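Note that the structure is a prediction, hence the values are computed from the model and not measured. For this chain, numbers begin at 1 and follow the sequence in order.
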Amino acid sequence: MKLISITSGKGGVGKTTVTCNLAMSLAAAGHRVLIFDGDIGMANVDIFFGVRAKMTIKDLLDGEPIQECITKLVKNIDLLAGGSGLYDLMSLSAFERREIVQQIQSIHLNYDYVLIDTAPGLHDYVLHLNSVADECVLVITQDPSSLADAYALLKTLNSKYKMREFKIICNLVEASQGAALFSRFSEVVEKFLTLRLSFLGAISEDLVLKKAQQMQRLIMKQGIESQAQQQIQEISAKLVDIEAARQNDQAYSGLAGIFFPASGHA
Ligand SMILES: Nc1ncnc2c1ncn2[C@@H]1O[C@H](COP(=O)(O)OP(=O)(O)OP(=O)(O)O)[C@@H](O)[C@H]1O
Ligand SMILES: [Mg+2]
């Protein structure tokens, strides 16, 4: 299981869009995916899939077993919904926040990927969710305030949780501009902060995607041909490759431990 957070400094940059379509792409490749809608109180992943979740994180906090709180969205994709209206991120106690994070970590055996769609910004709970993820994916756009807020989020995660590696998706950019935006951003970040950014890919502003979403449809679900669909597929394939490489590395270091034990004769 891989726990992947999708986050941003500024709101409205496309986290939920990326999370849902990435989930569809991973599921189509046969992976079992759980989406956790971490934007508690403003949750909308279920709406993007055109359903309304009956059970939410609120039920989990009220003592329901986590299995009961999960909504099946489509084949290979389940959702732990964040709910909306009655309560919000700000009103969660530290105990409740910890409880949610522990429950997410405990459910991992049933899934290949858990994708966490976070709320934007520097809220403690958002930082905590990002800190427990195996991969933290930061969504940025060309908007200067998105870049400034992304920088602030990286700086906080780095200083508070010692996080050093982040994956970047540039959304709402022309395909040819994505790599350049990443370079500009990473140059500034790596100049002032001790951390490493890697480029996961760019997603173009896509009117087909926007229109589909307004009708509560996902381009990946409908199989609608669009540039964004292609780009998201490439991003998901890259994530799977990164994961495979990491597992190989772990297997290799495990083997190295057998052949060259620390207390060995070398
Ligand atoms: N690549 C894209 N092309 C066209 N429209 C997009 C694209 N990405 C996102 N959008 C649109 O931008 C809006 C915001 O996207 P989304 O809800 O995914 O952002 P968010 O980061 O999750 O927002 P919030 O911080 O409020 O949770 C939506 O209307 C979505 O359809
Ligand atoms: Mg969102």
Side-chain angles (χ1 to χ4, degrees), residues 4-29 31 33 35 37-39 42-53 73-77 79 81-82 84 113 115-121 137-150 153 167-186 197-240:
I4 300 175
S5 65
I6 289 104
T7 197
S8 71
K10 186 174 182 284
V13 297
K15 293 176 297 299
T16 306
T17 301
V18 167
T19 305
C20 296
N21 285 291
L22 214 49
M24 286 300 299
S25 186
L26 289 166
H31 302 289
V33 182
I35 301 176
D37 196 341
D39 198 352
M42 304 282 279
N44 57 353
V45 169
D46 52 348
I47 296 170
F48 272 43
F49 277 85
V51 299
R52 209 51 181 126
L73 290 177
V74 293
K75 184 168 180 245
N76 283 346
I77 307 185
L79 168 70
S84 59
Y113 291 90
L115 303 184
I116 306 175
D117 179 23
T118 79
V137 176
L138 180 70
V139 182
I140 59 173
T141 69
Q142 273 171 323
D143 175 5
S145 62
S146 133
L147 299 174
D149 293 353
L153 177 61
K167 307 275 180 293
I168 305 293
I169 292 178
C170 299
N171 189 24
L172 298 163
V173 287
E174 280 181 31
S176 58
Q177 303 295 309
L181 173 62
F182 170 74
S183 298
R184 280 205 316 275
F185 181 65
S186 62
L197 305 185
S198 43
F199 183 45
L200 212 49
I203 305 171
S204 308
E205 173 157 20
D206 187 333
L207 294 181
V208 178
L209 176 151
K210 194 169 181 69
K211 219 168 170 149
Q213 248 157 228
Q214 282 165 352
M215 295 190 292
Q216 302 187 11
R217 290 180 193 151
L218 292 170
I219 45 169
M220 295 295 186
K221 190 170 168 189
Q222 301 295 309
I224 302 166
E225 286 289 322
S226 79
Q227 189 177 18
Q229 181 194 23
Q230 179 66 31
Q231 291 165 322
I232 293 165
Q233 252 156 16
E234 282 164 19
I235 289 172
S236 96
K238 211 162 169 179
L239 267 176
V240 172

Practice item. Test side chain to side chain contact (heavy atoms under 4.5 Å, CB included) on Met24 and Ile77 and set out the steps. Key: CA-CA 8 Å; Met24 286 300 299; Ile77 307 185; 3.6 Å; yes
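Atom CG of Asp39 sits about 7.0 Å away from atom OG1 of Thr118, to the nearest 0.5 Å. Separating the CG atom in Asp46 from the CD1 atom in Ile35 is a distance of 10.0 Å, to the nearest 0.5 Å. In this structure, CE on Met215 lies 11.0 Å from CD on Gln213, to the nearest 0.5 angstrom. From Asn44, atom CG reaches atom CE of Met42 across 8.5 Å, with rounding to the nearest 0.5 Å. Summarising the geometry, atom CD belonging to Gln142 is positioned 10.0 Å from atom CD belonging to Glu205; distances are rounded to the nearest 0.5 Å. Here the OG atom belonging to Ser25 is positioned 10.0 Å from the CD atom belonging to Glu234, to the nearest 0.5 angstrom.
For Ala202 against Val173, the heavy-atom pair with the smallest separation is CB-CG2, 3.8 Å. Closest approach of Gly11 and Lys15 over heavy atoms only: CA-NZ, 4.1 Å. When all heavy atoms of Gly9 and Leu138 are compared, the closest pair comes out as N-CD1, 4.3 Å. Summarising the geometry of Ala81 relative to Ala53, their closest heavy-atom pair is CB-CB, 3.5 Å, with the distance given to 0.1 Å.
Contact check for Leu22 versus Tyr113: no side-chain heavy atoms found under the 4.5 Å cut-off. Looking only at side-chain heavy atoms (C-beta outward), Ile4 and Leu239 come within less than 4.5 Å of each other. A 4.5 Å side-chain heavy-atom check between Thr19 and Phe48 finds every atom pair outside the cut-off. Annotation: side chain of Cys20 is in contact with side chain of Val45 (closest heavy-atom distance under 4.5 Å). In this structure, Leu79 and Phe49 have side chains that are not in contact, with every pair of non-hydrogen atoms separated by 4.5 Å or more. In this structure, the side chains of Ile47 and Gln216 come closer than 4.5 Å at one or more pairs of heavy atoms. Side-chain contact between Leu181 and Leu147 is present, with at least one heavy-atom pair separated by less than 4.5 Å. Residues Ile235 and Ile203 have side chains in contact (heavy-atom distance under 4.5 Å, counting atoms from C-beta outward).
Phe199 and Phe182 have parallel rings, their planes meeting at less than 30° on a 0 to 90° scale where 60° marks the start of perpendicular.
Remark: the backbone N or O of Val139 is not paired with any side-chain donor or acceptor of Asn171 at under 3.5 angstrom. A donor-acceptor pair under 3.5 Å is absent between the side-chain atoms of Thr141 and the main chain of Val13, judged by distance alone. A donor-acceptor pair under 3.5 Å is absent between the side-chain atoms of Asp37 and the main chain of Ala43, judged by distance alone.
Under the side chain to side chain donor-acceptor pair (under 3.5 Å) criterion, Asp143 pairs with Lys10, Ser145, sequence neighbours left out.
Across Gln231, Gln230, Glu174, a single residue satisfies side-chain hydrogen bond (donor to acceptor under 3.5 Å, both in side chains) together with Ser204, and that is Gln231.
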